[in-house]
Amino acid sequence: MSDPLEPLKKPLGPSTMSVHGGEPRRKLAYSLTTPIVQTATYTWASSQEVKDHFDGKLDERIEYGRYGNPTQRIAESKLAALEGAGDCLLFASGMGAMTTALLALLSRGTHVVVTDDSYRRTRQFLNGMLPRYGVEVSTVPAGDYDALVDAIKPTTRVLVSESPTNPYNRILDLERFAAIGRKHRVKTVIDATFATPYNARPLEWGVDLVMHSATKYLGGHNDLLAGAVLGSRDLVGGIRALQATTGATVDPFAAYLLVRGLKTFALRMERQNTNAQALAEFLAAHPRVSAVHYAGLPSHPGHDVAKKQMRGFGGVVSFEVRGDLDTASRVVDACTIPYIAASLGGVESLIEQPAIMSFYELTTEERLEIGIKDNLIRYAVGIEDADDLMADLAQALDRAFGD
Ligand SMILES: *Cc1c(COP(=O)(O)O)cnc(C)c1O
């Protein structure tokens, strides 16, 4: 697809790209907005047309809904423009994207290295499932580059990591990570869900493949599930071929909601960055709070690297209250603006206590082993007013502690 923004002096700003990037100027039926092509299959005028398609003579034709959809294609083109990627492939969920991408890159007898505080389901897929199919998996501590290099063997094909991580906002040096991969001829994969292309573009630092849970900031309204992988045409093409078999294709309506949500992407990110920064600074100064994990604070161990590679530090602030599991629950329950819910990145602020949300089935000791403290709270800011969010947290902390 030719880029209608080409005649303009580049680079365009993130808001212009959010509104116009990747979309064809002329859409079906002269619609301004991206049409939802709600169909399971596509029709043919004749048997000759079918043959022409399979002979590769027809442009941009789709044969069946699992192989793609025009609404999906526009969403993909928009995300590729925002990420500066050669190609993008959408999935029905972030995990659909991660699992299919890894299955495409790995096979029996190969080896993959993952950093330890990656998304829990990603680690479950790697450590729990892939070994059953003859793939070897090593886990190394996030931020330990020597351990990462040491873990690489002749059979290693992929290094997987995240930045920032959940819930501690640990920052991976993307340039260093990509350089290690290149040196050892191993593909590097970054789950950049927490960063989004507004805050960091890992491909520009040399990373091979970026994945997102588009359910979070990209969709931005807590109303859709989708996932994306982005990289070179070659790499994404191989994953697209596998998706034809494994499925997990994004629904046309979800793809439409994604395009719709992306219009305000830069505005939302800008607001979420400043809201989170304000909240992190407020919490860091609060006597009832013992630790704040936010890369925008100079005290955060990843602050300098984050400053180098990120435009902003994201919308998730994790903090520890002075107290135990129940104290933290009381703080969460006393908040009036954020909803108690898993997920992040939407316009509504969400709050949760990881110990009783994602990690409830573990004991306190098992949780501590993977670094999840009982008194930890994860606050994923929305686009409300920072003053209101801070006033709400202030009263919640007062009430929870009986101050
Ligand atoms: C939510 C999330 C995922 C999984 O995405 P889904 O859309 O829920 O499947 C993967 N990685 C990170 C960092 C996430 O936050």
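Order of appearance sets the numbers: ligands from 1, and atoms from 1 within every ligand.
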Nearest non-hydrogen contact to atom 1 (C) of ligand 1 from the set Met211, Lys216, Arg121 belongs to Lys216
Tyr119 N/O to ligand 1 N/O under 3.5 Å: no
Does Arg108 make a cation-pi contact with Tyr133 (under 6.0 Å, within 45 degrees of the axis)? no
Around atom 13 (C) of ligand 1, find the nearest protein heavy atom and jot down its residue, atom name and distance. Asp191 OD2, 3.4 Å
Under 4.0 Å to a heavy atom of Phe194 - the qualifying atoms of ligand 1, by number: 15 (O)
Has Arg268 got its NZ or CZ under 6.0 Å from the middle of the six-membered ring of Tyr217, at an angle within 45 degrees of the ring axis? no
Could an N or O of ligand 1 be found under 3.5 Å from any N or O of Met95, whether backbone or side chain? yes
Over-ring placement of Arg176 relative to Trp205, 6.0 Å and 45° cut-offs: no
Would Thr122 count as being in polar contact with ligand 1, using the rule that some N or O on each side must be under 3.5 angstrom apart? no
Measure from the side-chain N and O atoms of His300 to the backbone N and O of Asn169, and report whether any donor-acceptor pair falls under 3.5 Å. yes
Using a strict threshold of under 4.0 Å (side-chain N to carboxylate O), is an ion pair present between Glu361 and Arg120? yes
protein heavy-atom neighbour closest to atom 8 (O) of ligand 1 works out as Ser213 OG, 4.1 Å
Looking only at the side chains, is there a donor atom on one of Thr193 and Asp191 sitting less than 3.5 Å from an acceptor on the other? yes
Less than 3.5 Å apart, any donor N or O on the side chain of His212 or Glu83 sitting next to an acceptor on the other? yes
Below 3.5 Å, N or O to N or O, backbone or side chain included: is there any such pair between Gly94 and ligand 1? yes
Close-contact set for ligand 1 against Ala226 heavy atoms, below 4.0 Å: 7 (O)
